[in-house]
Amino acid sequence: MDTIQIHDKSFGIFLEEEKIISRVKELAQAISIDFAGTQPLFIAVLNGSFIFAADIMKSISFPCEIQFVKVSSYHGAQSSGKVQQVLGLNQNIKGRKVIIIEDIIDSGLTIDFLRTDLLKQEPESISICSLLLKPKALKVKIDVQYIGFEVENHFLVGYGLDYDGLGRNLRHLYRVIE
Ligand code: IMP
Ligand code: MG
């Protein structure tokens, strides 16, 4: 009943919306405490993080700004291993405290590329907040300050994450049925 079909794959419920939202609120509270009074700049990574970023922002209790960048690295259900920034920032981040918002860290190459790129502009600091992290898939060492859930190496869709363009609108997170 809770199985869904996207393209050639079946998916079953992995995390329900209610659980996701309550964890997102915890992350936002932690960020609100850590960055109170500092007016950080959130940088959300499109497309996958658009729902997560929106929900995080709604629970942040201090004045803050958000910008969006686009980094493409993923095709279908397997990471290509190549990262390429498609859409850059139109705001100077020199001297700013930056918080990157990402949907999921898999190999870590996307976030590593983005972080390295942003560091060239000499921000005061860069913190990373990712809804999901696949520790066993990491190919580079990444310090992630805020993690929603650590997950196994299964392909997930929903809550902003897609499988070849589809599934971003699903309210829950779904896991591929192998
Ligand atoms: P990485 O560069 O390998 O860390 O890949 C990060 C990007 O790949 C994320 O921002 C997602 O857009 C995408 N991605 C990684 N794993 C999944 C998944 O399980 N489902 C959907 N997209 C994923
Ligand atoms: Mg993404």
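When a ligand or atom number is given, it counts from 1 through the structure's own listing order. The structure presented is a predicted model; accordingly, all values stated were derived computationally and were not measured. FYI, side chains are in, hydrogens and waters are out, and symmetry mates aren't considered; it's all heavy atoms of this structure.
Lys134 counts as a contact of ligand 1, since one of its heavy atoms falls under 4.0 Å from the ligand. Within the structure, ligand 1 lacks Gly48 among the residues with a heavy atom less than 4.0 angstrom away. No heavy atom of Val45 sits closer than 4.0 Å to any atom of ligand 1.
Less than 4.0 angstrom separates some heavy atom of Glu102 from each of these atoms of ligand 1: 10 (O). Short contacts between ligand 1 and Asp162, defined as distances under 4.0 Å to a heavy atom of the residue, involve ligand atoms 21 (C).
Between Ile105 and ligand 1, no N or O atom pair is found at a separation short of 3.5 Å. Taking any N or O of Leu156, backbone or side chain, at least one lies under 3.5 Å from an N or O belonging to ligand 1.
Electrostatic pairing of Asp55 and Lys58 counts as a salt bridge here, judged by a charged N lying under 4.0 Å from a carboxylate O.
Results of the side-chain hydrogen bond (donor to acceptor under 3.5 Å, both in side chains) test with Arg96 over Glu124, Glu65, Gln121 single out Glu65 as the only residue that passes.
Aromatic ring centres of Tyr163 and His7: separated by under 6.0 Å.
With hydrogens and angles left out, the side-chain atoms of Asp2 and Tyr174 include no donor and acceptor closer than 3.5 Å. With hydrogens and angles left out, the side-chain atoms of Gln145 and Ser127 include no donor and acceptor closer than 3.5 Å. Between the side chains of Tyr146 and Asp34, at least one donor N or O sits under 3.5 Å from an acceptor N or O.
The closest non-hydrogen atom to atom 9 (C) of ligand 1, taken over Leu173, Ile104, Thr110, comes from Ile104.
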